[in-house]
Student: 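I have a structure I would like to understand better, so I am pasting it below and will then ask my questions one at a time.
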Amino acid sequence: MKKIVKLSVLLICAGLLLSGCSNAKKDYILATGGTGGTYYPFGGAIANIWNTKIENMNVTAQATGASAENLRLINKGEAEYAIVQNDVMDYAYNGTDLFEGEKLENIMTIGTLYPEVVQIAVSKDSGIKSVADFKGKRISVGDAGSGVEFNAKQIMEGYGLTFGDIKKSNLSFKESAEGIQNGTLDGCFITAGVPNAALQELAFTAGLTLVPVDGEAAKKICEKYGYYTQTIIPGGTYKGTDSDTQALAIKATLAVSAKLDEEIVYEMTKALFENLSDLATAHAKGKEVSAHSAVTGVSVPFHPGAKRYFSELDLN
């Protein structure tokens, strides 16, 4: 009899332990960007939704060196989620450009978030009206080896130009704007959220002209590089720019480890996109996120959990 009682107690204890395990918090890392940028606070807002809307969830938004580092962290299993640029994610998945010879296979997509616009600014006296006019001009294409430099290369390609056709400089956003202001540059490429602080300052001091990417060139670029989407820079965004400007955008994207369970990713995708009002309240960029736009600009496969959620909405 005593043996039966002891056995029953052991079984009950084992059951409690198993129950405790099933209710244990799930710990995840969401890799973001530098503390002074957009990705870090935006990632914190996403993590807060997951932590408050999903039972036993503990997601930590971690400051990092942004897109390229984030994708490597996921691939190595040191983070489960990350905010990245979708073009950089494409390079990593296919082992091209920034990731030449370094193909990352453990990354998948949850969805795109908000646009980061390729803004092409030129001096008002440059005479430039189209990217096709860049031949022989002094153009900054962003820091060497940056995502901006690849954006510039791809867009110029759409107009039949290469870096060999221009007097190329590799400068930061601030340096590019200063170059246009002091007359050492004719134009520059800046990939960032709209408005961009460096271009705002340039517009107030020396003025600027925004160069559109439109028509057949835009169509050709988007067809070749699936991570681009067409967008508009609204008139009035910068002082002196009264008309809308056609442009291309890449998108900040929520990446995920391919090794994560389908049910977990489904639950987290659902929680995020069904609580976008909370995201918009927590961060201004949240107003630009929607389930419908989340399936655009995607060139790296969806995680099965995310695909299941968007399929229920008949979006993919």
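What you are looking at is a predicted structure, and each value in this text was computed from that prediction instead of being measured. As a basis for the values below, the full set of heavy atoms in this structure was taken, side chains included, without hydrogen atoms, waters or symmetry mates.
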Student: If you round to the nearest 0.5 Å, how far is CD1 of Ile120 from OG1 of Thr191?
Tutor: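 With rounding to 0.5 Å, OG1 (Thr191) is 8.5 Å from CD1 (Ile120).
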Student: Among Thr229, Thr112, Asn86, which residue meets the side-chain hydrogen bond (donor to acceptor under 3.5 Å, both in side chains) test with Lys251?
Tutor: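 It is Thr112, the one option of Thr229, Thr112, Asn86 that forms the side-chain hydrogen bond (donor to acceptor under 3.5 Å, both in side chains) with Lys251.
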Student: Is there a donor-acceptor pair under 3.5 Å between the side chain of Thr109 and the backbone N or O of Val300?
Tutor: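 Yes, the answer is positive, given that a donor and an acceptor are paired below the 3.5 Å cut-off.
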Student: Rounded at 0.5 Å granularity, tell me how far CD1 in Ile232 sits from CG in Asp214.
Tutor: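 Answer rounded to 0.5 Å: 10.5 Å.
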Student: Classify the ring geometry between Tyr227 and Tyr91 as parallel (under 30°), tilted (30 to 60°) or perpendicular (over 60°).
Tutor: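 Judged by the thresholds at 30° and 60°, the geometry between Tyr227 and Tyr91 is perpendicular.
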Student: State whether a side-chain donor-acceptor pair under 3.5 Å links Ser140 with Ser169.
Tutor: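 Their side chains do not contain a donor-acceptor pair, so the 3.5 Å distance test is not met.
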Student: Between Trp50 (side chain only) and Ala271 (backbone N and O only), is there a donor and an acceptor less than 3.5 Å apart?
Tutor: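 Flag not set: sc Trp50 to bb Ala271 has no pair under 3.5 Å.
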Student: Is it true that the side chains of Ser290 and Ser293 contain a donor and an acceptor less than 3.5 Å apart?
Tutor: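 Side chains of Ser290 and Ser293: pair found under 3.5 Å.
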Student: Please confirm whether Lys285 makes a cation-pi placement over Phe42, using NZ or CZ under 6.0 Å from the six-membered ring centre and within 45° of the ring normal.
Tutor: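 Judged by the rule (NZ or CZ under 6.0 Å from the ring centre, within 45° of its axis), Lys285 is not positioned above Phe42.
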Student: Begin with the C-alpha distance, continue with both residues' side-chain angles, and end with the deciding distance and a verdict on side chain to side chain donor-acceptor pair (under 3.5 Å) for Tyr228 and Gln154.
Tutor: CA-CA 10 Å; Tyr228 283 111; Gln154 292 155 1; 2.6 Å; yes
Student: Using modelled atom types only, decide if a donor and an acceptor are shared between the side chain of Asp133 and the backbone of Lys129 within a distance under 3.5 Å.
Tutor: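 Present.
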Student: Hey, is the main chain of Ala92 close enough, under 3.5 Å, to the side chain of Glu102 for a donor-acceptor pair?
Tutor: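 Not at all, since once roles are kept as given, no pair shorter than 3.5 Å links the two residues.
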Student: Given 3.5 Å as the limit, does a donor-acceptor pair link the side chain of Asn51 with the main chain of Ala47, or not?
Tutor: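 Yes, Asn51 side chain to Ala47 backbone: donor-acceptor pair under 3.5 Å.
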Student: With a 4.5 Å heavy-atom cut-off, do Leu210 and Tyr238 have their side chains touching?
Tutor: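 They are in contact (side-chain heavy atoms under 4.5 Å apart), so the answer is yes.
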Student: Donor-acceptor pair, distance only, cut-off 3.5 Å: does the side chain of Thr269 make one with the backbone of Val265?
Tutor: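 At least one qualifying donor-acceptor pair exists.
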Student: Is the backbone of Ile29 close enough, under 3.5 Å, to the side chain of Glu80 for a donor and an acceptor to pair up by distance?
Tutor: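 Here the side-chain-to-backbone pair exists.
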Student: Looking at Thr253 and Ala255, would you say the former's side chain and the latter's main chain have a donor-acceptor pair under 3.5 Å?
Tutor: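 Not at all, since once roles are kept as given, no pair shorter than 3.5 Å links the two residues.
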Student: Between the side chain of Thr64 and the main-chain N/O of Thr32, is any donor-acceptor distance below 3.5 Å?
Tutor: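 Between the backbone of Thr32 and the side chain of Thr64 there is a qualifying donor-acceptor contact (under 3.5 Å).
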